[in-house]
Number of protein chains: 2
Amino acid sequence: MPPNPQEARMINIREHFRAFLKDRNQRQTPERFTILEEIYKLNDHFDADELYIHLKGKGVNISRATVYNTLELLLASNLVVRHQFGQNQAKYEGAYRYRQHDHLICLDCNHVLEYCDPRIQAIQEMVAQILNFEITHHALHMYGHCKRENCEFRARKGLAGR
Amino acid sequence: MPPNPQEARMINIREHFRAFLKDRNQRQTPERFTILEEIYKLNDHFDADELYIHLKGKGVNISRATVYNTLELLLASNLVVRHQFGQNQAKYEGAYRYRQHDHLICLDCNHVLEYCDPRIQAIQEMVAQILNFEITHHALHMYGHCKRENCEFRARKGLAGR
DNA sequence: TTACTTGCAAATTATTTGCAATAAT
DNA sequence: ATTATTGCAAATAATTTGCAAGTAA
């Protein structure tokens, strides 16, 4: 039977990482592939420690140092992107065939939503020209309060699904 | 003789901070006013340690703890805003009569430029409605390479003012 | 076999906190 | 006189690094 689309995609992703490592003469260790696999299974935004704890929870024994080290490799190979939403830890997300998008961050529960608006690209190009700046990328973060039923905010304030 | 506009503005700013402190029953210490003064003299983006070093350089002896503590008060009184441009230190800027603006950050020399585009406000409102989110504020950072003569990038690469 | 990687613990960076001495009210 | 604030040093949080032991090529 043919592999399902999810697994076919994962095969491409692993192959991309394998090629990247080979190209840089870096070793294809089981730790690195385990981390890659878990990131794509998570399919969400996460921080380094969440990933470490998640692995521990599955009985996988990989040190924090290796998690951080592998995240650097995944960033360099464009299989992961890093975001700085707050003033604390960086958040990451899988980025295979990444389409530029921006983020809404709930200040109460840290829930992250994604959105995309073509006008941002237009603004970027205009600003670059006016200010004589070569822009490589941007980050547009919108902060506020989400309306999820189970948002911590509502829980704390006792506002029944306002 | 009448005070010049700069000094008149500074008087307003000090008065704003004084009122804020009195309102919260916090003390009007010389350290707090010295820090406020220096931030508005700097008239640029700075991080906590830069401010601390700057004060040291002027022979003012104020501890890092007090710098951080006072920055919190200035944030709470809306006389300063905080930005997170990179993954490291937070940057601050004086914000008296702050007009919303966004930032271009040079990845080579950390120089910061400001700009403003009304379309961002429109995007914010539209996204809030579509995703059912109450947005309190946003941060749009554009990263890239500036074209300043003395940008470290050019110095490093030996590109004479390309 | 070689030298890159790993795991652990110690180091580092940015920021915060505990506490005795000091000073604003 | 009270009690918030300061400076210092130690604590914390996130991340990085040094090094001996392990392992991919």
Side-chain angles (χ1 to χ4, degrees), chain A residues 14 17-39 45-56 58-77 80-92 110, chain B residues 14 17-39 45-56 58-77 80-92 110:
Chain A
R14 275 193 296 266
F17 194 36
R18 176 191 319 291
F20 171 83
L21 291 172
K22 173 167 276 180
D23 186 57
R24 308 227 312 199
N25 281 309
Q26 312 229 50
R27 291 181 182 168
Q28 298 170 42
T29 68
E31 288 85 357
R32 288 172 178 178
F33 282 93
T34 300
I35 289 170
L36 174 65
E37 202 83 23
E38 286 309 317
I39 286 172
H45 300 77
F46 61 90
D47 63 51
D49 209 56
E50 277 168 8
L51 178 55
Y52 171 75
I53 299 296
H54 175 77
L55 290 165
K56 272 278 172 299
K58 292 193 113 181
V60 177
N61 225 329
I62 297 181
S63 72
R64 271 197 184 77
T66 300
V67 169
Y68 278 102
N69 167 37
T70 302
L71 282 172
E72 283 307 314
L73 292 172
L74 291 169
L75 282 171
S77 62
V80 156
V81 290
R82 170 161 52 195
H83 307 291
Q84 196 73 37
F85 294 142
Q87 64 267 232
N88 299 318
Q89 320 106 294
K91 287 268 187 186
Y92 301 82
N110 293 314
Chain B
R14 275 192 296 265
F17 195 35
R18 174 189 322 286
F20 171 83
L21 291 172
K22 171 167 279 181
D23 187 57
R24 307 225 315 197
N25 280 310
Q26 312 230 54
R27 291 180 181 170
Q28 298 170 39
T29 68
E31 288 84 357
R32 289 172 177 177
F33 283 92
T34 300
I35 289 170
L36 174 65
E37 202 83 25
E38 286 308 316
I39 287 172
H45 299 77
F46 61 90
D47 63 52
D49 209 56
E50 277 168 8
L51 178 56
Y52 171 74
I53 298 295
H54 175 78
L55 290 165
K56 272 277 172 301
K58 293 192 112 181
V60 177
N61 226 329
I62 297 181
S63 72
R64 269 196 186 77
T66 301
V67 168
Y68 277 102
N69 167 38
T70 303
L71 282 172
E72 284 307 316
L73 292 172
L74 291 170
L75 283 171
S77 61
V80 157
V81 289
R82 170 161 53 196
H83 307 292
Q84 197 73 37
F85 293 143
Q87 63 268 227
N88 298 319
Q89 320 106 295
K91 288 267 187 186
Y92 302 83
N110 294 313

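First the proteins, then the strands, lettered A, B, ... as listed; each starts at 1. Computed from a predicted model, the values in this text were never measured in an experiment.
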**Report entry** A:Tyr68 OH to D:dT16 P, straight-line distance once rounded to whole Å
**Finding:** 7 Å
Report summary line: Whole-Å distance, B:Asn69 CG to D:dT6 C1', equals 9 Å
Query raised in the report: Whole-Å distance between D:dT2 C1' and B:Asn25 CG?
Result: 13 Å
Requested in this report: Nearest whole angstrom, please: distance from the P of C:dT6 to the CD of A:Gln28.
Outcome: 12 Å
Requested in this report: Output the single nucleotide from C:dT15, C:dA24, C:dG7 whose closest atom is nearest the side chain of A:Ile62.
Outcome: C:dG7
**Report entry** Shortest side-chain distance from A:Arg27, nucleotide among D:dT23, D:dA14, C:dT25
**Finding:** D:dT23
Requested in this report: Output the single nucleotide from C:dT5, D:dC8, C:dC8 whose closest atom is nearest the side chain of A:Ala65.
Outcome: C:dC8
Report summary line: Which of D:dA14, D:dA24, D:dT5 is nearest the side chain of B:Gln26? It is D:dT5
Query - Nearest-angstrom distance from the residue atom OH of A:Tyr92 to P of D:dA14 - result: 12 Å
**Report entry** For atom CZ of A:Phe85 and atom C1' of D:dA14, their distance in whole Å
**Finding:** 17 Å
Report task. Provide the closest heavy-atom pair for B:Arg24 versus B:Leu73 in the form atom of the first, atom of the second, distance. Result -> NH2-CD2, 3.9 Å
Query raised in the report: In terms of the angle between their ring planes, are B:Phe85 and B:His45 parallel, tilted or perpendicular, with boundaries placed at 30° and 60°?
Result: tilted
Report task. Walk me through it: do B:Arg18 and B:Phe33 pass the test side chain to side chain contact (heavy atoms under 4.5 Å, CB included)? Result -> CA-CA 9 Å; B:Arg18 174 189 322 286; B:Phe33 283 92; 4.2 Å; yes
Query raised in the report: Separation of A:Gln89 atom CD from C:dT15 atom P, in whole Å?
Result: 14 Å
Query raised in the report: So which one's nearest nucleotide on DNA chain C is more toward 5', B:Ala48 or B:Thr29?
Result: B:Ala48
Query raised in the report: More 5' along DNA chain D: B:Lys56 or B:Arg32, using each one's nearest nucleotide?
Result: B:Arg32
Requested in this report: Report, as yes or no, whether the 6.0 Å neighbourhood of atom NZ on B:Lys56 holds more than 12 heavy atoms from other residues, nucleotides or ligands.
Outcome: yes
Query raised in the report: C:dC4 C1' sits how many Å from A:Asp23 CG, rounded?
Result: 16 Å
